[in-house]
Protein chains: 2
Amino acid sequence: MSNPKKKQLLETGKSLFWKYGFKRVTIEEICAEANVSKMTYYKYFSNKMELVKAIMEKMLTNSMEKYKSIMNSDVPFTEKIEKQLQMKMEGTMDISSEFIDDLMIHGEPEMMEYMNEMTQKVLGIIYQDYVNAQRRGEIRKDVKPEFIIYFLNHLYDMIKDENLLKMYENPNEMAMELTRFFFYGIANRDKSPIG
Amino acid sequence: MSNPKKKQLLETGKSLFWKYGFKRVTIEEICAEANVSKMTYYKYFSNKMELVKAIMEKMLTNSMEKYKSIMNSDVPFTEKIEKQLQMKMEGTMDISSEFIDDLMIHGEPEMMEYMNEMTQKVLGIIYQDYVNAQRRGEIRKDVKPEFIIYFLNHLYDMIKDENLLKMYENPNEMAMELTRFFFYGIANRDKSPIG
DNA sequence: TAATATTTTACGAAAAAAGTAAAATAAAAC
DNA sequence: GTTTTATTTTACTTTTTTCGTAAAATATTA
């Protein structure tokens, strides 16, 4: 990041959004905390959502970078999955529940659209990874790649399902469960057909 | 608490205030979360501050009850102090930092006044305890009771001092330090003149 | 059924936040 | 040291949110 003022805004924004969710945080509050004037804020971001997006984007970029480095490493597929479950879900992708609440439950239409774009983008990359994995015989050959995409899309819907969310202590736990299910099905993991 | 609706409001209010501080929480939000209509809210509390006060009062009552039960127990004075340091400061008196921030830094004049009233009330009780303790020889005889009050009042001011606050990880830690200092001075605790 | 409590709807008033323009300062580049 | 560029300050208008209330509808209890 070249600009120090912009960087300050991104960092302060993130820390405040993480604590309170972005609905409760005002632009002026961010500016005050970041020691940046409101005018300068509007120079870089035309409104609050743009800052949210920028923060998301940055986070996603970091996240994807780590994801790729795992996927490109030379270890068995299952091991890659393990690493991702541990790292990506709870580590790098550490979205606070306050943030998720604002994002999902209080779903601003503009934000939802942006989220979908992002998701599609990410899915595209993940999709290719799974196609490759399939070619190398790392996952079952009799699974249609289309089904993978379909299911991943539904995973996204499930995350928004409050009834499902209730079953877990926090969104993270739910995400872990869904991902585990996605890769291993309900079969005993030790006897998984993947290997 | 007789009324279930009122109770709901107090509980939901507390949990939301504790998380976000009362500035960020709206009355309608509390109502929605508590499954109480806005009209019913205004039946019991004429505005947001009244709810805050009620919550504070309840908390303070519980707190004072425990305080008294310790002070009336038949153990050495130092032991009482120890118990209070442990329990009252971090346990029962568990005011969240978000709440304190709203209370102190963004000091609403109305709220400050209320806090002062409360403090005076509490100080009165504590003062008597110290007078009694002094009579029984549990604390130094050459300390003026007036000084105790004076210092306790200043303790309150110190808590508001941002520069002092910065020195500690959280307000609780600072409060502990101040209280310890108040009772033991800077002398080595094992060789304390109190006993 | 009558009396009471609670919610819904709908609204106007007040307060807070968003967003903008122009002048004043500060920082950097020349 | 002057000019350019970036940032802040001030002071405002507009928009949005929140507050608080009234009256009618619904639910609860006696």
Return the set of residues passing side chain to side chain contact (heavy atoms under 4.5 Å, CB included) with [X] (not counting sequence neighbours), or none when no residue passes.
X: B:A34; result: B:Q8, B:L9, B:T12, B:V36
X: A:K43; result: none
X: A:S37; result: A:M39, A:T40
X: B:T26; result: B:E28, B:E29

For the pair made of [atom1] in [X] and [atom2] in [N], what is the distance, rounded to whole Å?
X: A:K48; N: D:dT16; atom1: NZ; atom2: P; answer: 13 Å
X: A:L9; N: D:dT7; atom1: CG; atom2: P; answer: 10 Å
X: A:Y41; N: C:dA18; atom1: OH; atom2: C1'; answer: 10 Å
X: B:F45; N: D:dT21; atom1: CZ; atom2: P; answer: 15 Å
X: B:N35; N: C:dT7; atom1: CG; atom2: P; answer: 9 Å
X: B:Q8; N: C:dT6; atom1: CD; atom2: C1'; answer: 15 Å
X: B:L51; N: D:dC19; atom1: CG; atom2: P; answer: 11 Å
X: B:N47; N: C:dA15; atom1: CG; atom2: C1'; answer: 14 Å

>> By nearest atom, which of the nucleotides C:dT6, C:dA18, D:dG20 is closest to the A:Y42 side chain?
In response: C:dA18
> Do B:K58 and B:I55 pass the side-chain contact (heavy atoms from CB on, under 4.5 Å) test, and can you show the C-alpha distance, the side-chain angles, and the key distance before you say yes or no?
Replying inline: CA-CA 5 Å; B:K58 201 179 168 191; B:I55 289 169; 5.8 Å; no
Nearest 0.5 Å, what's the [atom1]-[atom2] distance between [X] and [Y]?
X: B:F17; Y: B:F22; atom1: CZ; atom2: CZ; answer: 7.5 Å
X: B:K48; Y: B:Y41; atom1: NZ; atom2: OH; answer: 8.0 Å
X: B:I27; Y: B:L51; atom1: CD1; atom2: CG; answer: 8.0 Å
X: A:E65; Y: A:I70; atom1: CD; atom2: CD1; answer: 12.0 Å
X: B:T61; Y: B:M56; atom1: OG1; atom2: CE; answer: 10.5 Å

> So how far off straight is the helix from C:dT1-D:dA30 to C:dC30-D:dG1, going by the axes through five pairs at either end, to 10°?
Replying inline: 40°
>> Holding to salt bridge (charged side-chain N to carboxylate O under 4.0 Å, His left out), I want the full list of residues that pass it with A:E57, two or more places apart in sequence or in another chain.
In response: A:K121
> Taking only residues two or more places apart in sequence or in another chain, which ones pass salt bridge (charged side-chain N to carboxylate O under 4.0 Å, His left out) with B:E33?
Replying inline: none
>> Checking B:Y44 now: which residues fulfil side-chain hydrogen bond (donor to acceptor under 3.5 Å, both in side chains) with it, not counting sequence neighbours?
In response: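 In terms of side-chain hydrogen bond (donor to acceptor under 3.5 Å, both in side chains), with neighbours along the sequence ignored, B:Y44 is linked to B:N3.
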> Does B:E50 pair with B:K53 as a salt bridge, N-O distance under 4.0 Å?
Replying inline: yes
Do any N or O atoms of the protein come closer than 3.5 Å to N or O atoms of nucleotides 3-5 of chain C, and which pairs are they?
none

> Counting only side-chain N and O atoms of B:S37, is one of them less than 4.0 Å from OP1 or OP2 of C:dT8?
Replying inline: no
> Residues from residues 24-31 of chain A sitting under 4.0 Å of DNA chain C, heavy atoms only?
Replying inline: A:T26, A:I27, A:E28
> Contact class for A:K5 (heavy atom, under 4.0 Å): base, sugar-phosphate, or nothing?
Replying inline: sugar-phosphate
>> Within the 4.0 Å limit for protein heavy atoms, which parts of nucleotides 22-30 of chain D are touched? Write it as a string from 5' to 3', B for base, S for sugar-phosphate only, - for none.
In response: B--------
